[in-house]
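A quick write-up on the structure given underneath.
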Amino acid sequence: MKLIEQALEIFAADNAGAIDASTETEVERTRDPRHGHYASNIAMRLAKPLGQPPRQVAESIIERLPESELVESIEIAGPGFINFHLSSQAFHRELGGIIDRGSHYGSSSHGAGHKVLLEYVSANPTGPLHVGHGRHAAYGDSVARILKATGFEVLTEYYVNDAGRQMDILTLSVWLRMLEGAGADIPFPSGAYRGQYVRELASDATESLDPSSTAIPDELFHDLPSDDTDSDAHLDQLIERARACLGETAFLAILDTALQSILADIREDLAEFGVCPDEWFSERSLDDRQSIHKALKLLKKGGMTYERDGAVWFRATNFGDEKDRVVVRENGRTTYFASDIAYHLHKRERGFETLIDVLGADHHGYVARVRAGLEAMGEPRESLEVQLVQFVVLYRGGRKVQMSTRSGDFVTLRQLRDEVGNDAARLFFVLRSNEQHLDFDLDLAKARSNENPVYYIQYAHARVCSVLRELEVRGYTWDSGVAQDSLDRLTEDQERTLMQQLTRFPETLDAASRQRAPQHVAHYLREVAQNFHMYYNAHRFIVEDGDLRNARVMLALATRQVLRNGLSLLGVDAPESM
RNA sequence: GCGCCCGUAGCUCAGUUGGAUAGAGUGGCUGGCUACGAACCAGCAGGUCGGGAGUUCGAAUCUCUCCGGGCGCGCCA
């Protein structure tokens with residue numbers, strides 16, 4: 001396969017005088033087996049610059065190709081495709097490679113140690129993760145695994161938004177529930193967090209805190225902006241009064257208790273889902289290490305900021321953003337945006353060449369301004385790559401399930417995992433492109449219907465294991481030497497198809513890596529499973545003929561290996577039986 | 001209004017960055033276990049790739065335009 005590319009490059013070099021040397025040589029897998037195993041469109045691409053008909057170009061290319069025992073025949077087809085038919089020897093060799101390389105089969109060093117920081121989930125620590133976060137986690141984790149398998153050096157990171165207004169609102173919510181717990185009858189603000197978990201946090205906090213924290217202040221709700229007409233001002237006033245009533249120390253104590261409790265829950269939830277970020281990066285720590293200050297200074301030094309209306313603005317429009325952005329508010333506090341460019345600068349300073357952010361699709365407007373920030377600080381804008389993950393829409397009983405974090409009316413990742421299992425959830429989440437909306441039918445998933453492809457793939461794996469168990473029961477052993485020498489006995493259609501399919505794993509993995517597209521792996525595994533099931537139904541592995549038996553079992557073993565390797569990239573188990 | 005994303009079989013979606021006759025699952029219909037696991041397999045039916053124009057040897061894929069849907073456009077995070 002590489003041989004062909006090499007030969008084409010030689011040809012291109014030979015004609016360098018006549019053609020544009022930059023013309024890319026392309027050799028790809030064919031879709032239709034009648035077109036051989038590999039095909040190249042090189043002749044058609046060169047036809048114009050060479051001023052010759054494509055088929056004639058193809059002929060002169062073929063004449064110069066070196067002989068190889070791996071290539072059975074070469075032909076010109078259609079408008080000028082060069083089709084290569086590989087010898088079965090080529091596939092036999094590859095099959096042996098699958099067995100030899102084992103869990104490493106498919107992996108490559110294409111990434112060449114390129115350092116990547118992949119940030120994902122980064123849900124505000126104001127409540128449990130919901131199903132949308134689950135999709136982010138499954139996607140991000142699979143991409144990280146795929147990148148690692150293809151030679152990238154990857155660090156995964158969860159950005160903890162533990163600073164700012166959201167945390168204040170959470171603290172207020174908990175405190176109000178504490179007051180309720182102490183017997184107060186108070187109107188709960190519409191903008192506060194009303195999930196059940198807030199009550200649990202409240203009762204925990206009540207136990208660990210000074211009892212005076214739950215003394216009910218008479219004036220708490222007097223003269224507030226209306227919750228109906230200005231819920232934001234209403235909330236901010238309440239937060240201020242809470243701070244005053246409690247004192248900063250007690251307020252922060254509640255905040256910290258709630259934060260730690262929620263983070264612990266998120267961490268456990270993700271770990272059970274097979275997702276373990278290497279780093280949990282605290283937004284507050286940016287402040288501690290003066291990162292925001294430093295980033296702002298950098299911008300100012302470059303003349304990228306100006307003052308207006310008492311606030312400090314960043315000239316984002318100079319870098320392609322649609323409007324300038326505030327970095328320091330009139331009240332002196334820095335904005336979330338300021339933290340974020342500081343955070344991304346800090347990522348670069350940690351030595352990562354590529355920063356991949358896995359973000360919710362609703363953050364797309366955000367990409368341009370962070371890129372602008374990076375560029376203004378002297379970092380290449382291409383260093384930030386954003387993968388947007390579209391929303392998950394849940395269906396229950398054929399109807400859309402409405403979700404809102406604040407109202408507490410949402411399905412948590414934990415609930416989903418309990419209902420459908422980790423494997424089904426993880427596969428389901430990466431089965432379609434991240435930029436595609438995902439309809440998740442809870443009833444269907446709950447029913448453990450075999451409509452879910454996870455069972456189909458796992459079943460193929462379990463079937464191989466079952467064959468091996470039966471092999472042993474019948475007193476046979478598998479001999480790798482005999483098997484390798486007998487591979488030419490595999491002449492059935494299903495055997496050829498499966499064998500060829502297995503050898504596509506490395507290139508599938510590579511495509512998934514380049515495109516950050518785990519769904520390629522998922523769909524590929526489905527096809528492998530399908531080819532195996534077809535084979536299984538048509539022929540038997542455990543036959544009298546020892547050579548044939550060994551060869552067939554080898555094919556089964558290779559299938560199992562590829563399924564395992566693929567599933568592990570997706571964080572899905574490969575069960576021996578089910 | 002401006003910007004980004006999406007539109008492929010009745011439904012849910014793939015389509016390896018421009019390749020040859022557009023593929024799966026599911027639903028519908030017809031068949032297959034005295035078998036190494038039937039959570040499986042074989043077969044039938046199902047399409048103006050949202051509409052139109054362009055680019056070229058070649059378009060679901062790239063460009064433009066219209067239609068339809070989602071999201072964003074704060075001194076919120």
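These values consider heavy atoms only, across backbone and side chains, with no hydrogens, waters or symmetry-generated copies. Residue numbers start from 1 in every chain, and the chains themselves are labelled A, B, ... in the order their sequence lines are given, proteins ahead of strands. Predicted, not measured: the structure shown is a model, and the values here were computed from it.
Taking side-chain N and O atoms only, A:Arg325 has no distance below 4.0 Å to OP1 or OP2 of B:rG74. Between A:Arg463 and B:rG37, a side-chain N or O to OP1/OP2 separation shorter than 4.0 Å is absent.
Using C1' as the reference atom, B:rU21 and B:rG54 are 25 Å apart when rounded to the nearest Å. For the P atom pair drawn from B:rC49 and B:rG10, the interatomic distance equals 12 Å after rounding to whole Å. A gap of 30 Å separates the C1' atoms of B:rC36 and B:rC44, to the nearest Å. Comparing B:rU12 with B:rG70, their P atoms are spaced 15 Å from each other, to the whole Å.
Residue contacts for A:Met167: at a heavy-atom cut-off of 4.0 Å it reaches no nucleic acid atom on any strand shown. Residue A:Ala361 is in sugar-phosphate contact alone, with no base atom involved, counting any heavy-atom pair closer than 4.0 Å across all strands shown. Note on A:His461: nothing from the nucleic acid sits closer than 4.0 angstrom, heavy atoms only. A:Ser433 comes within contact range of the sugar-phosphate backbone alone, with a heavy-atom separation under 4.0 Å but no base atom that close. Among the protein residues, A:Ala163 comes within range of the sugar-phosphate backbone only, with heavy atoms under 4.0 Å from sugar or phosphate atoms but none that close to a base.
Among residues two or more places apart in sequence or in another chain, the salt bridge (charged side-chain N to carboxylate O under 4.0 Å, His left out) test is passed with A:Arg369 by none. In this structure A:Gln500 satisfies the side-chain contact (heavy atoms from CB on, under 4.5 Å) test together with A:His37, A:Phe91, A:Arg496, sequence neighbours excluded. Applying the ring-ring contact (aromatic ring centres under 6.0 Å, His included) rule to A:Phe391 yields no partners; only residues at least two apart in sequence or on another chain are considered. With sequence neighbours excluded, the residues forming a side chain to side chain donor-acceptor pair (under 3.5 Å) with A:Ser282 are A:Asp162, listed by chain and number.
Comparing B:rA77, B:rC36, B:rC71 by their closest approach to the side chain of A:Arg474 singles out B:rC36. Comparing atom distances between the A:Met534 side chain and each of B:rC13, B:rC41, B:rC75 picks out B:rC41 as nearest. When each of B:rG37, B:rA77, B:rC41 is scored by its nearest atom to the side-chain atoms of A:Tyr336, the top-ranked nucleotide is B:rA77.
Near RNA chain B, meaning a heavy atom under 4.0 Å from it, residues 520-532 of chain A has A:His520, A:His523, A:Arg526, A:Gln530 in order of number.
Under the 4.0 Å criterion applied to side-chain N and carboxylate O atoms, A:Asp545 and A:Arg549 are not assigned as salt-bridge partners. Ion pairing between A:Glu495 and A:Arg552 holds under the 4.0 Å rule for side-chain N and carboxylate O. Under the 4.0 Å criterion applied to side-chain N and carboxylate O atoms, A:Glu527 and A:Arg504 are not assigned as salt-bridge partners.
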Nucleic acid footprint by protein, nucleotides 4-11 of chain B - heavy-atom cut-off 4.0 Å, B for base, S for sugar-phosphate alone
BSS-----
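Place A:Ser466 and A:Gln519 on RNA chain B by their nearest nucleotides, and A:Gln519 ends up nearer the 5' end. Across the interface with RNA chain B, nearest-nucleotide mapping of A:Ala517 and A:Tyr536 shows A:Ala517 to be the residue nearer the 5′ end.
Note on ring orientation: taking the six-membered ring where Trp is involved, the planes of A:Phe319 and A:Phe314 are parallel (angle under 30°, cut-offs 30° and 60°).
Searching all strands for a Watson-Crick or G-U wobble partner of B:rC62 with both distances below 3.5 Å returns B:rG54.
If you check the side chains of A:Arg463 and A:His533, you find a donor sitting under 3.5 Å from an acceptor.
An anti orientation is assigned to B:rU63, its glycosidic angle lying beyond 90° of 0.
The local environment of CD in A:Glu472 is sparse, with at most 12 non-hydrogen atoms from other residues, nucleotides or ligands closer than 6.0 Å.
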